[in-house]
Amino acid sequence: MHDTTALLVELGAVILGLGIIGRFAGRIGLSPIPLYLLAGLAFGDGGLLPLGASEEFTAIGAEIGVILLLLLLGLEYSASELVTSLKTQYPSGAVDFVLNATPGAAAGLMLGWGPVGAVALAGVTWISSSGVIAKVMTDMGRLGNRETPVILGVLVIEDLAMAVYLPLLTAMLAGVGLAGGSMALLIALGTVGFVLYLALRHGRLISRAVSSDNPEMLLLVVLGLTVLVAGVAQQLQVSAAVGAFLVGIALSGEVAEGARKLLTPLRDLFAAVFFVFFGLSTDPAEIPPVLLPAALLAIVTVFTKIGTGWYASRRAGIGPRGRWRAGGTLVARGEFSIVIAGLAVATEPRIGPIATAYVLILVIVGPLTARWTEPVASKLQAALAGRRKKPAPVDDRPMPSHDDLTPEHAGRDSD
């Protein structure tokens, strides 16, 4: 009974605190995500007032938060739109990989971590946070912007690439041979392909089976189906987030619209819990020793992600302002980076603190770059354009008096 009382008190305080933080962030026009993370740091292990009773519940709530974020993101688009995006955005995915995985791999080798550590750190710097970015775009009302499908295309390619990357990384960490790694990879690819096939060929049947005029039944069925598929996907070495996203893709029409309305408040609650849990699970004392290398890596990959968004949006024919918004929005790293670091920490313990510091920096900077990259870039472009336009030369000689005018001058003056 005492444990239950402590859980309720802590949980109530956390949710109330999140509400106050969210209102404050709205007043100052800022995304609440950085404030949620800082609150988690303050009340996590090594923080000002550690919360112990609600830790297990918060961890489960964080998992649900990521699943709901990706489900709602998937509900925004149909399966055909997803396939079209993949067909058109795969060059952008290749550029994204080269620009953002290379700094992590180079840093891992320079730090002496060997090939396995380099591959793990490459994944940490490569993958943007779908959860953070989905929340940021929702908070800023950008889901209807022209650059949003481009952003989602890059994120989907990254998320689906995790179905290849994570089994390979797991095999490398375990020292499994080529046969074992290939089998895990085939299972992962088969799972993703099967779900995509169902979404494309039988999406209407799935939507019809899920549909209900009773909001309560619709909520229970959609939420239950999503969590079930996410769990099965994770069991098959595919990310739970990818599974949830594919469920959202499979649902369409009135079912998708109704589910979106019902699940949006639930998503906002558990998404906030996810960001707080990320801060709770980080010991602030581990951050200072690795802050400098993490900050340098973060600075480099801020620019490489902005470059990725610019390139992808330019290919889609979007104007400069949309290109800058896309690049700034893609900066945040989060859940996938932490998953990768968690897998690698047993083999290379030094990756844990630097990955945590790196993600904390970019998960705080990400919402800021999403908001400010385009205005700052536009002002800089305007300033540079102003400098390039040289003013016409001004003749500062004194004007001749009427008596000084020659007949030629006088004639022109009279004209």
Side-chain angles (χ1 to χ4, degrees), residues 6-55 57-59 61-66 68-69 72-73 128-145 261 263-284 287 291 295 298 302 325 328-335 338 356-376:
L7 170 63
L8 293 175
V9 170
E10 284 191 4
L11 195 57
V14 167
I15 295 174
L16 177 61
L18 292 178
I20 295 172
I21 289 172
R23 292 183 66 179
F24 173 73
R27 291 275 181 90
I28 62 176
L30 180 70
S31 171
I33 294 172
L35 301 182
Y36 290 157
L37 286 166
L38 293 176
L41 277 175
F43 296 101
D45 294 336
L48 300 175
L49 183 63
L51 303 177
S54 59
E55 184 176 357
F57 178 88
T58 307
E63 291 286 340
I64 296 174
V66 174
L68 289 176
L69 280 168
L72 268 292
L73 198 61
S128 297
S129 171
S130 300
V132 175
I133 291 170
K135 178 65 173 171
V136 168
M137 289 193 300
T138 302
D139 289 343
M140 294 185 176
R142 292 184 179 177
L143 291 178
N145 284 17
K261 291 179 180 178
L263 289 167
T264 295
L266 203 60
R267 174 204 60 188
D268 293 340
L269 170 62
F270 283 102
V273 172
F274 163 69
F275 297 119
V276 170
F277 174 74
F278 187 74
L280 289 173
S281 58
T282 304
D283 186 353
I287 303 299
L291 196 55
V302 163
R325 285 195 298 267
T329 303
L330 286 169
V331 164
R333 275 42 161 214
E335 59 275 7
I338 294 302
T356 301
Y358 171 81
V359 172
L360 276 173
I361 292 170
L362 289 186
V363 85
I364 291 173
V365 170
L368 302 179
T369 57
R371 179 176 292 275
W372 295 109
T373 297
E374 183 270 319
V376 171

*Going from CG on Asp268 to CG on Leu18, what distance comes out if it is rounded to the nearest 0.5 angstrom?*
11.5 Å

_Atom of Ile361, atom of Ala298 and distance for their closest heavy-atom approach_ = CG2-CB, 3.8 Å

*Nearest 0.5 Å, what's the OG1-CG distance between Thr264 and Leu68?*
10.0 Å

*Mind checking the CD1-CG spacing from Ile21 to Leu16? Nearest 0.5 Å is all I need.*
10.0 Å

*So do the side chains of Met140 and Thr329 get within less than 4.5 Å of each other, counting heavy atoms only?*
no

*Kindly compute the distance separating OG (Ser130) from CG (Leu330), expressed to the nearest 0.5 Å.*
9.5 Å

*Do you know the tightest heavy-atom contact between Val273 and Gly61?*
CG1-C, 3.9 Å

*So, for Tyr36 and Ala272, which heavy atoms are closest and what is the spacing to 0.1 Å?*
CE1-CB, 3.7 Å

*Over all heavy atoms of both residues, which pair between Thr373 and Thr369 is shortest? Give the atoms and the distance, please.*
OG1-O, 2.6 Å

*Report the distance from atom CD1 of Ile20 to atom CD1 of Ile15, rounding to the nearest 0.5 Å.*
12.5 Å

_As an exercise, state the distance from CD1 of Ile64 to CG of Leu69, rounded to the nearest 0.5 Å._
12.0 Å

*Does atom CD of Glu63 have more than 12 heavy-atom neighbours, drawn from other residues, nucleotides or ligands, at distances under 6.0 Å?*
no

*How close do Arg371 and Arg142 get, heavy atom to heavy atom, and via which atoms?*
CA-NH2, 4.0 Å

*asked:* Taking side-chain contact (heavy atoms from CB on, under 4.5 Å) as the criterion, tell me which of Val132, Ile133, Asp139 meets it with Lys135.
replied: Asp139

*Of all the heavy-atom pairs spanning Leu362 and Arg333, show the shortest one and how long it is.*
CD1-NH1, 3.6 Å

